[in-house]
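Everything below concerns the one structure shown next.
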Protein chains: 2
Amino acid sequence: MGRRRPGTPTLEEVAAHARVGRGTVSRVINNAAGVKESTRRAVQQAIEELGYVPNLAARSLAGRRADAVALVMTEPDWRQFAEPFFSEIVRSLGDALTDTGLQLLLTLVRSDAERQRFLEYARGGRVDGVLLMSVHAGDPLPDMLAEARLPTVLLGRRSGEEYVSYVDADNIGGARSAVSHLLRQGRRVIATITGPLDLYAAQCRLRGYEEALASAGLEGAPTRVAESDFTAESGRRAMAELIARHPDIDGVLAASDTTAAGALEALRAAGRRVPEDVAVIGFDDFSLAQRTEPRLTTVRQPIEEIGRAMIRLLLEEMEEGAVAWRHVILRTELVVREST
Amino acid sequence: MGRRRPGTPTLEEVAAHARVGRGTVSRVINNAAGVKESTRRAVQQAIEELGYVPNLAARSLAGRRADAVALVMTEPDWRQFAEPFFSEIVRSLGDALTDTGLQLLLTLVRSDAERQRFLEYARGGRVDGVLLMSVHAGDPLPDMLAEARLPTVLLGRRSGEEYVSYVDADNIGGARSAVSHLLRQGRRVIATITGPLDLYAAQCRLRGYEEALASAGLEGAPTRVAESDFTAESGRRAMAELIARHPDIDGVLAASDTTAAGALEALRAAGRRVPEDVAVIGFDDFSLAQRTEPRLTTVRQPIEEIGRAMIRLLLEEMEEGAVAWRHVILRTELVVREST
DNA sequence: CAAGCAAACGGGAGCGCTCCCAACCTTTGG
DNA sequence: CCAAAGGTTGGGAGCGCTCCCGTTTGCTTG
């Protein structure tokens, strides 16, 4: 296959054109110190005139780095793809990377073949580090990356696992404070709509819910727990179910803002007033939470901080060569609005 | 920054270990012909034993190709991100690439700075070609890529533009046949919920709608056109508006299946029966169309073919060096189910 | 049995860059 | 005025691979 592009000027040609040595041009394009201002300008002009663009393959080879990191989504996260959580994370990572000079590449891994292909890509040195969206418990990718000694940071823990770097939000604490808030309001029949329970984050939020009830001397009944897949539609369905099972329901903690929005609709359809009859709390605090009617009380996940922390950890690992595992758990915060 | 990974074995070392020359090892890892079977096995064993992984930067440099293509999403498409259309396209492209040996990289371009950064990445030779999600009319990226002579294929035309390669569905024809179908059923007050009208595809579908009405001797009233942004929520809102404006409405063509699903809800809320009182037609024929109640009559977009065509065009351009623009318009097809 | 041919194979010559050290040029202080 | 101390600059030595050509090997054929 002849995938070659027409003759691009090389650094050497730029050097000749500017009547300087290769080293000087290299210093200029890398913004390195130790170049006289006049020389720098001359080189820059030569670059301009020749339309020079550095060959990144050569730079990678000589410099032993790719200047790129991958954000990998494995199949189970695919559903998140359609949810704001995903785009918020991507945005936040993008922001966190802006002045590192690193290019962010999203990659989808949907099968073993694709996993293998990505691994070759990463081990082949095309990326300097890997960010993983919260992966399934059984996914072998983190271990494979670890074995290849590729700097890796997970978004969201997998159950209790420590031998991998991750950034996560305090889901338990967030859910607990949300339910405590409901209890303080005098709500007594409190249900929860969970996320997919094969996700550790969803398990944690459920645990927080249970803990809050327990410490108030109440007991959570399994019938007050309904599972969703984070979508509005599933939230609506779950809420309808909960109403049917517990007509006296007066409080709900939803898995996400999107789910909560679905729950609000189901409540409206059932003729319940929010927050008078039923209080609703979401999770995430994305922009959606302020556009619902009534506006949503919700547990804020610090998305910006999550993105920044992931990049920070990854950079540290890249610097030191993946010699340690780092964990960051970010505090969540209850944002009270009109739905409680 | 020391982003170096520990000493990986090189091809040279593999060659030494297998007691063959570099060329032979290269032939083996590239599955090239002209290697005796016994030699091949010996080399493969050496590769195995040493845990050799080819250095892709070196391969890129020497081979003058990246073995990767980028799928770029610019800001305006960001909203599509959350829609099934996007994930379907990605899936379809992934499938189409499986045995080309090309890695698919998604890239988000949200600002001029990021556009510039991506351009350097692409011009620097890190990808062999670029796929663009349907871009805004004013986006300079296609021209920039063309100037850099990078093989590029757009998904979806921009209004009437020919000097770029693209793959698109016959949106006009699809909308026309949908509306004709409604007319044949004797529907007379037919409205449409369009997509964002700054998207050429949305304009085309609107045109198909108008053409079908015109050729039946009817006239489309502006009050029968409501704009959506492809989301279910906006579909619901648009439908509610249309009902209010035209209580005698008996047919609707929606911008997408998602929008149609929203419209179905609004109709249900308004107490209209589907299809008895109002017939609804969607667009796309994604899996959602079969999960609505009633199941959706819809205009099928051949997603698989779109993905395959995009890859085919891109490979052709990569082969020949972007010397021509290629256009493919794929036929759409009305799939009749229960909502009409 | 020698000549001839094709299939296998080895390795030189880059690909375009970074790294780094030696060489050169200024400046400054004694 | 000269030497030491910096500040600049040039370019050699790779980075690890592919390409390609010349050589070797293994057969076939006259």
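Sequence lines set the chain letters: A, B, ... in the order given, protein chains first and strands last, and positions in each chain run from 1.
The base of D/dG12 lies close enough to the side chain of A/R22 for a donor and an acceptor atom to sit less than 3.5 Å apart. Between the base of C/dG10 and the side chain of B/R27 there is a donor-acceptor pair shorter than 3.5 Å.
Ring planes of B/Y166 and B/H327: parallel class, angle under 30° (limits at 30 and 60°).
Candidate nucleotides C/dC17, D/dC15, D/dC17 were compared by shortest atom distance to the side chain of B/T10, and D/dC17 ranks first. Out of D/dT9, C/dG14, C/dG16, the shortest distance to the side chain of A/K36 is found at D/dT9. Each of D/dT9, C/dC9, D/dC15 was ranked by its minimum atom distance to the side chain of A/A62; first place goes to D/dC15. Of the candidates C/dC9, D/dG10, D/dC15, C/dC9 carries the atom nearest the B/T24 side chain, counting heavy atoms from C-beta on.
Rounded to an integer number of Å, the gap from CG of B/L56 to P of C/dC17 is 19 Å. For A/L61 and D/dA13, the CG to P distance is 18 Å, given to the nearest whole Å. To the nearest angstrom, C1' of C/dC17 lies 10 Å from CD of A/E12. Distance CD (B/E13) to P (D/dG16): 8 Å, rounded to an integer number of Å. Distance A/R64 CZ to D/dC17 C1': 13 Å, rounded to the nearest Å. The nearest whole Å value for the distance from the CG atom in A/D67 to the P atom in C/dC17 is 14 Å. Look at CD1 on B/I47: it is 13 Å from C1' on D/dC17, rounded to the nearest Å. For the pair B/R65 CZ and D/dT18 P, the interatomic distance rounds to 8 Å; values are reported in whole Å.
Among the protein residues, A/R40 comes within range of no part of the nucleic acid, since none of its heavy atoms lies under 4.0 Å from any strand.
Residue order along DNA chain C, read from the 5' end via each residue's closest nucleotide, puts B/A33 first among B/A33 and B/G23.
Taking only side-chain nitrogens and oxygens, B/N55 never comes nearer than 4.0 Å to OP1 or OP2 of D/dC15. The shortest distance between the side-chain N/O atoms of B/R59 and the OP1/OP2 oxygens of D/dT18 is below 4.0 Å. Between B/T39 and C/dA8 there is no side-chain polar atom (N or O) within less than 4.0 angstrom of OP1 or OP2. For A/S26 and C/dT18, the shortest distance from a side-chain N or O to OP1 or OP2 is below 4.0 Å.
Not a single donor-acceptor pair under 3.5 Å links the side chain of A/D128 to the backbone N or O of A/V69.
Minimum interatomic distance between A/M73 and A/F86 (heavy atoms only, all atoms of both residues): SD-CE1, 2.8 Å.
In this structure, A/E120 does not pair ionically with A/R117, as no charged nitrogen and carboxylate oxygen lie closer than 4.0 Å.
Heavy atoms of other residues, nucleotides or ligands lying less than 6.0 angstrom from CD of A/E48 number 12 at most.
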